[in-house]
Visitor: 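This is the structure, below, for whatever I ask next.
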Amino acid sequence: MPKAKGKSRRHKYSYNLNRKRLYRSARRRAAPRIACSHIRHAWDPHKSVAQNLAEMGLAADPNKAVPIPKKLQGMEVESDGQQPGKKIVRKPYVVNEMELEASLPEKKSNTLSRDLIDYVRYMIQNHGENYKEMARDEKNYYQDTPKQIKRKINVYKNFYPEEYKNFIASLKPEKMEVQ
């Protein structure tokens with residue numbers, strides 16, 4: 001296959017090109033990515049990042065927002081409660097909405113796959129608590145060791161305690177019929 005035209009040509013370095021200016025202007029044009037929707041809606045693109053965050057009551061630099069008090073040779077500096085140069089918060093609703101969202105209880109999203117649940121139920125139903133037998137079972141496709149199977153059963157117990165209790169209770173009448 002032939003080579004692409006111009007690939008074999010030697011590239012010359014251009015000494016007259018100011019690469020710093022090109023790099024800076026490209027960075028300046030890029031808009032900041034904002035993950036929080038509350039901040040995104042209150043953002044003013046004509047202001048700097050520090051100005052936008054100050055209006056919302058947030059800090060661009062945490063070290064400047066909560067300064068470490070300097071001690072003067074063993075004596076603490078006394079403050080009268082007022083901080084010089086404190087900025088006015090014009091958009092307090094942003095912080096309030098973020099605090100409200102953070103105070104909501106976290107939704108539990110830990111679930112197990114249907115295949116794993118079926119696998120664990122099959123093993124318990126056929127072998128009870130005998131993990132060595134479970135390891136030798138033909139349905140043990142991934143060749144889990146007895147300890148791995150025990151761990152999977154414990155995970156199932158922890159994720160679905162009520163379902164596990166009902167399942168064990170439904171197995172007891174079957175065992176009585178067999179005897």
Visitor: Going by distance alone, is a donor N or O of one side chain under 3.5 Å from an acceptor N or O of the other, for Tyr142 and Gln148?
Guide: no
Visitor: Return the CG to CG distance between Asn130 and Asp137, rounded to the nearest 0.5 Å.
Guide: 11.0 Å
Visitor: Consider only side-chain N and O atoms of Tyr122 and Asn126, and report whether a donor and an acceptor are under 3.5 Å apart.
Guide: yes
Visitor: Verify whether one side chain among Glu129 and Tyr131 offers a donor that lies under 3.5 Å from an acceptor in the other.
Guide: yes
Visitor: What residues form a side chain to side chain donor-acceptor pair (under 3.5 Å) with Lys157, not counting sequence neighbours?
Guide: none
Visitor: Looking at Ile124, Asn140, Val120, which hits side chain to side chain contact (heavy atoms under 4.5 Å, CB included) with Ile149?
Guide: Asn140
Visitor: Looking at Leu112 and Tyr160, what are the two nearest heavy atoms and their distance?
Guide: N-OH, 3.3 Å
Visitor: Using the side chain to side chain donor-acceptor pair (under 3.5 Å) criterion, which residues pair with Lys152? Sequence neighbours excluded.
Guide: Asp144
Visitor: Nearest 0.5 Å please: distance from the OH atom of Tyr119 over to the OH atom of Tyr141.
Guide: 10.5 Å
Visitor: Below 3.5 Å, can you tabulate the donor-acceptor pairs from side chains in residues 94-103 to any protein atom, sequence neighbours excluded?
Guide:
residue : atom : partner : partner atom : Å
Asn96   : ND2  : Pro92   : O            : 3.3
Glu97   : OE1  : His38   : ND1          : 2.9
Glu101  : OE1  : His38   : NE2          : 2.7
Ser103  : OG   : Glu99   : O            : 3.4
Ser103  : OG   : Leu100  : O            : 2.8

Visitor: Do Phe167 and Gln125 come within less than 4.5 Å of each other through their side chains, counting heavy atoms only?
Guide: yes
Visitor: Going from NZ on Lys150 to CE on Met134, what distance comes out if it is rounded to the nearest 0.5 angstrom?
Guide: 10.5 Å
